[in-house]
Chemist: 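Have a look at this one before I ask anything.
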Amino acid sequence: MTEPKSLLLKTLVERGHFHQCTDFEALDKAAGEGIVTGYIGFDCTADSLHVGSLVQIMTLRRLQQSGHKPIVLMGGGTTRIGDPSGKDEARSLLTDEKIASNMAGIRKVFDHYLTFGDGPTDAIMVNNNDWLDGLQYISFLRDYGRHFSVNRMLSFDSVKLRLDREQPLSFLEFNYMILQGYDFLELRRRLGCTLQMGGSDQWGNIVNGVELGRRAAGLELYGFTSPLLTTASGAKMGKTASGAVWLNADKLAPFEFWQYWRNTEDGDVGRFLRLFTDLPEGEIARLEALEGAGINEAKKVLATEVTALAHGRAIADEMAETARRVFEEGATGEALARIEIARPDLAAGVGLIDLFVRAGLATSNGEARRLIKGNGARINDMAVTDERQQAGEADVNSDGVIKLTAGKKRHALIVPV
RNA sequence: GGAGGGGUGGCCGAGCGGUCAAUGGCAGCAGACUGUAAAUCUGCCGACGUAUGUCUACGUUGGUUCAAAUCCAACCCCCUCCA
């Protein structure tokens, strides 16, 4: 690999997005000469995207920032099949209605990261169901199926993994890579798209598309992958107590989102700042160099910057301020989860176990009980020692709420109404 | 179609008539230590219940037995080999 000359590849390499490329020099040249249209496909398996997809989203953002045109490909059609990559077994099939509603949820995420419109470098969103749904089986097989060798397909990791583990792989799923390859060709024809990007687990699928373009239509297409993201200690990213770290505010409260980034491991701070924020390199280098407890400042910047992209600057600042009040002053903060409770109920006394469950700090009575037994539960910052303890009106503090805490970091406010 | 193997908690994976809510690992939660970090150590980790307890769970449905994740039958699904 030579030093990239184009702004696009320079940016992607510098920001840590680069893992592999089918033809680095050629893509570099193309990006230096004109607008490159590139796409990344997204599954519609959930009604939001989570941080696992954030590298991909940011890759599209970098593409646009570098003066090129991003396409968000919604896998409306391919989701009806299910990508076998990285899956031990077949996912259950989703209904078409579910896919449609998932797609609507995902669309909202992208508005925060890309500028959509009709201009030359404006982002557009397309759905591969538009062309996959109407495919004629026989003619499709004759035109494109002949370019795929089963011998080769069997050697792909996504397939091999299943076979090696003696896990079933249905013919339906086996076709996924063919259709994804076909998507690329179709996007080239419809929109002049010459670049497909994705996570490194998509390498095989992407290469298929590039090769199909060459074999079936003599086209020169490029593939580019980003590293799969794990934390410095090797864990997969994106999990919290309450589940995946979603990018939609209605799936994960912005405060939790901010907290997720605030709790980044030390060794990841620099890498994440490059990947997930727009901060200039100099600023990142400065933050990254902080040592010991000082690195916490960098984590706050990281959390606020990432939240600003996902939820807007105003909300991000509010979350930073809430966190400061809650953690550094021990106060209650506006943005904590608020759960309402009827005043008469409260007057009669409510069991704390019940309250923790209602507040979402425990998923079952048993879990709340365990939390209390393990000294992890607090009410208004006082440890709860008796699981039969009740909360009453006397527990409402000067802010007019009852503050519940689970562990050190999870808080909720009970508001009498 | 034939022969053999298999389906266990979020995942991996033991158990192969009672002592099984089910060993162990991963993931998760809490406590200690810290910096709202990592690593480490400790405890917890199906639901309900203050609790001796009750209920639900080992592919599905029946059966044998005082007693079944464990035995039997049928069915469903998967894998391997043969045709």
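To find a chain, count down the sequence lines: A is the first, B the second, and so on, and within it residues start at 1. Side chains included, hydrogens not; waters and symmetry mates left out as well; all remaining heavy atoms used.
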Chemist: Centroid separation under 6.0 Å, is that true for the rings of Phe18(A) and Phe224(A)?
Modeler: yes
Chemist: Given the C1' atoms of G7(B) and C58(B), what is the spacing between them in whole Å?
Modeler: 10 Å
Chemist: Of the nucleotides U36(B), U50(B), A37(B), which has the atom closest to the Arg369(A) side chain?
Modeler: U50(B)
Chemist: Within a reach of under 6.0 Å around CD of Glu340(A), are more than 12 heavy atoms found that belong to other residues, nucleotides or ligands?
Modeler: no
Chemist: Flag the pair Phe184(A) / Tyr39(A) as yes when their ring centroid distance falls below 6.0 Å, and as no otherwise.
Modeler: yes
Chemist: Among G35(B), U36(B), C45(B), which is the nearest nucleotide to the side chain of Gln259(A)?
Modeler: U36(B)
Chemist: Please determine, for the side chain of Arg410(A), which listed nucleotide (G35(B), A30(B), U36(B)) has the closest atom?
Modeler: A30(B)
Chemist: For C48(B), take OP1 and OP2 only and decide whether either is under 4.0 Å from a side-chain N or O of Ser364(A).
Modeler: yes
Chemist: Aromatic ring centroids of His311(A) and Phe255(A) under 6.0 Å?
Modeler: no
Chemist: Using atom P in both nucleotides, what's the gap between G13(B) and C79(B) to the nearest angstrom?
Modeler: 16 Å
Chemist: For the side chain of Arg370(A), counting heavy atoms from C-beta on, which of A47(B), G35(B), C48(B) is nearest?
Modeler: A47(B)
Chemist: Kindly say whether, by distance alone, the side chain of Lys408(A) makes a donor-acceptor pair under 3.5 Å with the base of U34(B)?
Modeler: yes
Chemist: Is Asn263(A) touching bases, backbone alone, or none of the nucleic acid, heavy atoms closer than 4.0 Å?
Modeler: base
Chemist: Considering only G49(B), A37(B), A51(B), which nucleotide approaches the side chain of Lys299(A) most closely?
Modeler: A37(B)
